[in-house]
Amino acid sequence: MKQVRVRFAPSPTGPLHIGGVRTALYNYLFSKKHNGKFILRIEDTDTNRFVPGAEAYIIESFNWLGIQFDEGVSFGGNYGPYRQSERKEIYKLYVKELLDKQLAYIAFDTPEELDTKRAEISNFQYDASTRMQMCNALTLSANEVAQRIANGDNYVVRIKIEPNQDIIVHDTIRGEVKINSSVLDDKVLYKSADELPTYHLANIVDDHLMEITHVIRGEEWLPSAPLHVLLYRYFGWEDTMPQFAHLPLLLKPDGNGKLSKRDGDRLGFPVFPLQWTDPKTGDTSAGYRENGYFPEAVVNFLALLGWNNGTEQELFSLDDLVHEFSLDRVSKSGAKFDYEKGKWFNHTYLIHKTDTELASLFMPIVQAKGHAITEAKLTHIVGLLKERAHFVADLWEQAAFFFEAPTQYDDKAVQKRWKETTASMLAELAVFIQSLPNIDDSTHTEETVKQWVETKGYGLGNVMNPLRLALVGELKGPHIFDITAILGKEETIKRIQKAIDTLG
Ligand code: GLU
């Protein structure tokens, strides 16, 4: 079998949408699964839509996600250049070939002339039914065409589509898609104004020259596929035509339709892998990285939006995915973008990290709040709290009371739990804790204190709830004697004293 070669071919028109990331991921998984090559091609022939910084953004995104290319822009390889704007001369040869074979023709119609036609003919389409009324090499004499070109008139090259032919796209996911060529228009393949091909020509020529074996891309490109099939036919490349696989759409979390940036803004989640600042407007859009996602969690989450391995398994490392992935198990129907599920994945990856690793990720946040703590102590703290966090940054909200003594106490809890006898009980407890050699072992402290409460006959709840209020400020947090072990004797007693002074 031929070596599998697939490509991700983004246009640098802005930040990479999360759906594009999934497309790239599926290409990556497919190529690795088959010991193939994964290529990054930058499709920057639409100069009007070019956005500076977008290419670097795309490369950085995959770098962050751990998705590696074998060839392409910034990765090298033997099929370059991989940036289409650097392949101008190559495309010209293929445009000429189609012209020579009379499978394409030159057209001079100006935008104004095209508008006039559109106004004249309803549902105007530049095709076999209209092309003879237009200003092109089929209606002008060879001399006139040569003259216009010599004058420097702008022209385009259009594909000449014969009507009433069946075109069949064989798609791994969708099966056979058959259409009639009459519905297609004579698409522009090349523009003399910038000497650049359009997407369709460049895409086909490059897939051919780069020996691409499978084209795995978003469903939004399915309507272009018949034209692409036709181009392979025109060039005589049917034998090496890549196998198509059009991936299902990512759908809005609620309602119908394609997931858009607006859905993200509306519902408060990112639709881009990295934060992006629009170079023109200065507007910033949130990114998964900056929002605190682990790249492994994002990869795992995206992999399952449109694919599963046929079991209930949800957690997959990148290696697992490579091993398990197959296009046969990609669904035909769109995948609802379940943002809560994305958070769940992050939480799951967070709790699977070692406490030491989490502590080192959390340390800069603690330091930025102006606190110093040993690694060992922070490791202990994150171990107690990680179950409650979706993101490393969430840990601060959970852990803040370890660093900052409460300045106020939850009203409701005070009303319910702080009774008349509470202050004197806690004062006694403070004396008792003071008398203990240390409170480092939470199990031991728990036993000792419980025994003390029992001997006194105060009732466990009457002591423990106010104690928690004194230490945390509210009735939440991990096991109370884990808290005292971390705070230490002195701080514990200080907080009890402060609560007595404040609440009386
Ligand atoms: N340049 C196209 C894009 O931006 C590539 C589509 C394809 O993969 O053929 O997605």
Side-chain angles (χ1 to χ4, degrees), residues 4-31 36-51 53-59 61-62 67 69 71-73 79 81-87 91 169-174 177 187-190 196-232 235 237 240-250 258-261 271-273 276 302 306 327 330:
V4 164
R5 291 176 58 81
V6 296
R7 80 315 190 261
F8 181 59
S11 299
T13 55
L16 185 61
H17 189 275
I18 200 76
V21 178
R22 187 200 55 174
T23 298
L25 172 63
Y26 284 12
N27 273 283
Y28 170 84
L29 297 175
F30 183 79
S31 68
K37 298 284 183 219
F38 181 40
I39 296 145
L40 176 64
R41 183 170 77 220
I42 297 291
E43 299 206 326
D44 56 349
T45 58
D46 189 345
T47 39
N48 294 323
R49 296 184 59 214
F50 179 82
V51 173
E55 180 188 298
Y57 174 97
I58 290 166
I59 293 169
S61 297
F62 292 113
I67 296 174
F69 292 92
E71 284 173 32
V73 172
Y79 294 75
Y82 293 92
R83 203 181 274 117
Q84 289 187 329
S85 58
E86 293 165 19
R87 299 170 65 80
Y91 304 124
V169 180
H170 297 277
D171 189 290
T172 308
I173 298 166
R174 284 157 202 275
V177 182
K187 276 259 174 334
V188 172
L189 300 180
Y190 176 84
L196 280 168
T198 59
Y199 155 72
H200 302 288
L201 184 94
N203 189 268
I204 287 335
V205 167
D206 286 350
D207 282 350
H208 175 71
L209 295 178
M210 295 178 185
E211 296 180 28
I212 298 302
T213 56
H214 299 76
V215 166
I216 304 168
R217 63 183 171 192
E219 186 175 271
E220 63 273 28
W221 301 100
L222 186 58
S224 302
L227 174 65
H228 295 180
V229 169
L230 210 53
L231 278 167
Y232 282 104
F235 283 118
W237 296 335
T240 55
M241 184 164 74
Q243 174 65 43
F244 290 103
H246 288 91
L247 305 174
L249 287 177
L250 291 188
K258 198 179 150 189
L259 175 74
S260 71
K261 170 163 153 43
V271 295
F272 303 125
W276 164 261
L302 287 180
L327 287 174
V330 172

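Since the model is a prediction, treat every value here as computed from it, not as a measurement. This chain uses plain numbering: 1 for the first residue, then up along the sequence. Remember, it's 1-based here, ligands and their atoms both numbered in the order they're listed.
No side-chain N or O of E43 forms a donor-acceptor pair with one of S11 less than 3.5 Å apart. Under 3.5 Å, the side chains of Y91 and D206 contain a donor-acceptor pair of N or O atoms.
In terms of protein heavy-atom proximity, atom 2 (C) of ligand 1 is closest to A9 O, 3.3 Å. Shortest contact from atom 9 (O) of ligand 1 to any protein heavy atom: R217 NH1, 2.8 Å. The closest protein non-hydrogen atom to atom 8 (O) of ligand 1 is R7 NH1, 2.7 Å. Scanning the protein heavy atoms around atom 3 (C) of ligand 1, the nearest turns out to be W221 CZ2, 3.3 Å.
Residue N203 approaches ligand 1 through these ligand atoms, each under 4.0 Å from one of its heavy atoms: 7 (C), 9 (O). Within ligand 1, the atoms closer than 4.0 Å to a non-hydrogen atom of E43 are 1 (N), 2 (C), 5 (C), numbered from 1 in the order shown.
Considering backbone and side-chain atoms alike, P10 places every N or O at 3.5 Å or more from each N or O of ligand 1.
Residues that satisfy the side-chain contact (heavy atoms from CB on, under 4.5 Å) test with E211, not counting sequence neighbours, are R5, Y79.
The shortest separation from a heavy atom of E220 to ligand 1 is not under 4.0 Å, leaving the residue out of contact.
A centroid separation of less than 6.0 Å is found between the aromatic rings of F62 and F8.
Here Y199 has side-chain heavy atoms under 4.0 Å from ligand 1, and that is the only part of it that gets that close. Proximity of V215 to ligand 1, defined as any heavy-atom pair under 4.0 Å, is not found for any part of the residue.
Aromatic ring orientation, Y232 versus F244: perpendicular (interplanar angle above 60°, classes split at 30° and 60°).
The side-chain hydrogen bond (donor to acceptor under 3.5 Å, both in side chains) test with D207 is passed by exactly one of H228, H214, R41: R41.
Taking CD1 of I42 as the reference point, atom CD1 of I58 lies at 4.5 Å (rounded to 0.5 Å).
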